[in-house]
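In what follows, a single structure is set out as structure tokens and then discussed.
Quick note on labels: first sequence line is chain A, next is B, and so on, each numbered from 1. Predicted model only: the values in this text are computed from it and were never measured.
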Amino acid sequence: MESSSTNFSRFFSSSLNASSSISFMDIKTKVAPLLFQAFESVPHLEQISYIVMQGLSFSYYRDHLQILAMFSNSSSSSTLYYIQHVDQDNGEPYGEPTKYNFSSINTSWISEALQFSYSYAFSNASSLRTNWSIIVDNGHNPLFLNSARVTRTSVISLGFSETTVTDFLRAQNNDLHQSSMSMSWATKDGRAIVQGIRNTRLVISNDTVLLQLLDQNGNPKGVGDTAIPCNNERFGSSLNIQNTEYLIHCSTIDVMGIESVYVVAIRKNELLSFDQHYKKKGLTVLIVMILMILIALVSFLSMNARNAKREMRLRASLLKQMEGTQQAERKNMNKSLAFAAANHDVRASLAGLTALIDMSFDFVQNASELDTNLKLMKGCTQDLLGLLNSILDTSKIEAGKIQLEEEEFDVSILLEDIVDLYHPMASKKGVDLILDPCDGSIIRYSRVKGDRGRLKQVLCNLLSNAVKFTDEGHIVVRARAQKPSLHNSLMAGNSEKHGFMGRLSCLCLKKISSDEIEGTSNSTHADPYCVMDFIFEVDDTGKGIPKEKYESVFENYIQVKETSLGVGGTGLGLGIVQSLVRLMHGDIEISEKDVGEKGTCFKFNVILNVYETITNAASTKEEEGVDERNHTQAPLPTLQSCSSGSSIRSLSPRFRIRSSSPKPEPSRVIMLIADEYRRKATEKFMEGLGIKVAAAKRLEDLFDVLKKMKQKCLYSSSHSSGSQGSEYLSASSHSRSSRVRVALSSMDGKTDIGAASNGFILIVVETDAGPLLELCKIVSNFKRGLCNPCQVVWLDKKILFKNLDKDTIDPKDMVLSKPFHGSRLFQVIKLLPEFGGSKLNTQESFVDQSSVIQECEDTEKPLSGKKILVVDDTPLMRMIALRTLIKLGAIIEQCENGEAAVHLVGDGLIKDFPNPPYDYILMDCQMPVMNGFEATRKIRKIEKRYGNIRIPIIALTADSDKMTIDAGMDFHLVKPIDRNKFLEAIRDINAKKRSI
Amino acid sequence: MDVGQMQRQWLDYTRSLFIEGFLDNQFLQLQQLQDENNPEFVVEVVSLFFDDSERLLKDLNFALDQQGVDFKKVDAHVHQLKGSSSSIGAQRVKNACIAFRNFCEDQNVEACLRCLQQVKQEYCLVKNKLETLFRLEQQIVAAGGSIPMMELGF
């Protein structure tokens, strides 16, 4: 507001371009529009006037919402003022100007203002400063007047309504009233603008303010007036107004250039109570907060302290523990080292002892007491060495140093070897050790790659334990192979991955090698390895292991106290076994037996890579094993042999009548085996192969079984034809009719045990099942008058037969002195015609078969099933001949000189007549004791006694052939033996025979 | 040395043995008789041959040292040696034996002694060669390789 008049004055001076004399017309035309513009635009403006010294003036003012113009146009001493209405829009005056009468109440204030400005402006002519004054009249609001000089002779003044200023203060005052505060305001010249403090009036004199107390009517009381110094003091004074204590504060204020004073009064007690109230509250809050902080601090500190204490304690104990651990580890390591060193030393001294004992043997008489003692000593050192080895194994396993050595081997042979190894030991104790082939899967997947030695160690350990702790009953070793199941593939996960990687690397290797090596691609044919899970069980009927010890027996140094008394051992064995089994990706456990069954059953599985046996690669397989495998792979072996037989027949019609090998009648096996488990296992296995088995437990049972069988056979044969002898000679000539008979009898419903008339009958008898003589009698009674081809196998455990005279047992019978399982079992099964048995053949069938050889000689094994005697004095020669002939599929017997050969042939003829004991004899000429020529002569002599028989003898010589024919040899081959030449010789011999 | 290299070396070596006439087809036959059932067959046979030959050579030495040489006996020994050497295909030993026997028939002691020396020498040669061959095979097997097959063509 203050600046506006000055600004206006500047503006005017520039626009008027002040000439010294200004006429009224100038004012009316030039100044008036500007004035009106200003009047309209400046807020709160009530009046604006332009005054020239000579008495000319022009002003606008607002009167009751009307804008009026007042002007004087004369410069005479008695100035006349006119008032005229003004158009609200453009400021043009209109209507008749009325002569202004200063006495008129309505306009008194404006004239006053004019006069005031006029007097002011020209009394103080030199200054351009603005000046303020308040003009008050009764009908109008007080006016704040602001004038500024435009030129030397003219002044402009602006009037603002006082209300605009005081409204703000009143609003403030109203706010103050709510908080029991009040305010009064007055200008310095004594005019009160706001009377906020009730019942008081401000009277200002010089620098002090007199606060006059008024009574109810507004008259000054005259008493209790208070003078307040107005010097902006900080602290106010107190005043009692109508019994109310007030705090009074006074200070000056400059409002638009007008000095004024304001007084603020505050009710004292209210202020105090307010003050105290808040003070108390604040204090309590503060105290509470401080207390809480204190409590938190204290608890925090105490917790910290406690934690620190505990940590210290823990650290101390940790340090102690660590020290202890380190010490223990150090001790353990030292112990292991010392242990190994000591073991080494002990082994060295043991080796020394053994050597010394060996040396001592040389100086000792045989069978003297010293000799036996030395032998015992040697046994002791061997035991010690075994013990030491097991301890070393343990420490090796502990150190994780054991690694598996992968090699290819035959699992079934290994198993059989081990079982055979422990069989004598077991049978010495009266315990039967049985190898149960289960489903034959172990034979099918017998070619495996793995650590043979370790597997053997595991099996040996378990078996020796079983033998050690079993005093009666039997020990069964079961083995089977299966695809890794989910349950153990978890364990085998590693190995399978390994297997896969292995296969992958195999592939890579194959690629590389085929790239690098020329002409060797046939050697690196794809390795069809697959992973199989081999499950072994060693089941005994011994003392058994208490159930609660099942877990702990596998820990090192643990023995079951109650049972191990007096048996010895370190208790390391099973620990080693477990470690080894786990190394082979398997696991071992003691499987629980049924209630009431004695003994323990250890069951473990290992994962091995299997070399899948391919049948057409039969040349690489051992003859018998392959035969077996072929049959186990073919679900219906009989069918197979039938079909092959029929194919032969269709090839050459002349074989149809004479051929006897394809027998459609099923063979039967009669067994007398005392041990129940062995009997059942064997029976099951044979039945699995499709063989009909009748098993007897005791002598009497055998008798019954044989009797029944014989009745059936005789029944069917009597139906067929009369003479048995002719039937026997041409057994197969009416194979067709017999087949018809089988069908007939089966329709009769009498087809259980001996329904097959001409079926092969195999009798397997244990010699110790009863008195031998009686057994022989029963068997020979059975055989007598029986038309069926028949073979007896004696199972001899105690090697009785060596001492028996030959009359007791038919020389044709087969005697097995080793346990009846594994390869012996397969050998016996192979006696059956379905499985390639050839021993039963008559002379005619023999010839047939040799001609069959001609038909299929270019197959891998042209000599399959042939029995050949190799006579040579040098082991080298024998070995080569053996391998060559085995490769051709033959069964080999060998002897060292002519005399032995003659004996063998003689014995064989007695036993096997009318079959020749050997199909061929391969005879070396120059031999010690008896040379080949003489042996041949003797053999021919013996043969003469049996009439029709002439075993072809092939001479193997380095010399010319002149003597060979003389001596009665059929053919001669020049050393070294050659596969093709040998086959040629056989072909030649057969041709000659047929021509005769 | 990697497997491939060793295998190639083995092949070269075997080939050289055949070309130089130390071995003949019979040795190949032996190799064919070897399979996974008898992985050591050749080695076994050859070591048998070594044992045999050494014994025979000793006997021959002894027989020829005697005052009155029993030529029948010598002939028998040489015959045996010839047989076994031809069985493993040690061709040069066999040839030496044939010559030896001829002198035996002539009852020529000096020539016999000379022949004995020759036989001995041939035997030592073939022994060394075969031992080297087997060592090579062992190395190949140890390195995880397989013994390459010799093709028939010699």
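Expressed to the nearest 0.5 Å, how far CD1 of A:Ile886 lies from CG of B:Leu33 amounts to 10.0 Å. Separating the OG atom in B:Ser53 from the CG atom in A:Leu876 is a distance of 8.0 Å, to the nearest 0.5 Å. Separating the CD atom in B:Gln29 from the OG1 atom in A:Thr884 is a distance of 7.5 Å, to the nearest 0.5 Å.
At a 4.5 Å heavy-atom cutoff, the contact between A:Met877 and chain B is made by side-chain atoms alone. For a residue to count as touching a neighbouring chain, one of its non-hydrogen atoms must lie under 4.5 Å from one of that chain's; by this rule B:Gln80 touches chain A with the side chain only.
Counting only heavy atoms from C-beta outward, the side chains of B:Leu30 and A:Arg883 never approach each other to under 4.5 Å.
Heavy atoms from other residues, nucleotides or ligands lying under 6.0 Å from OH of B:Tyr13 number more than 12.
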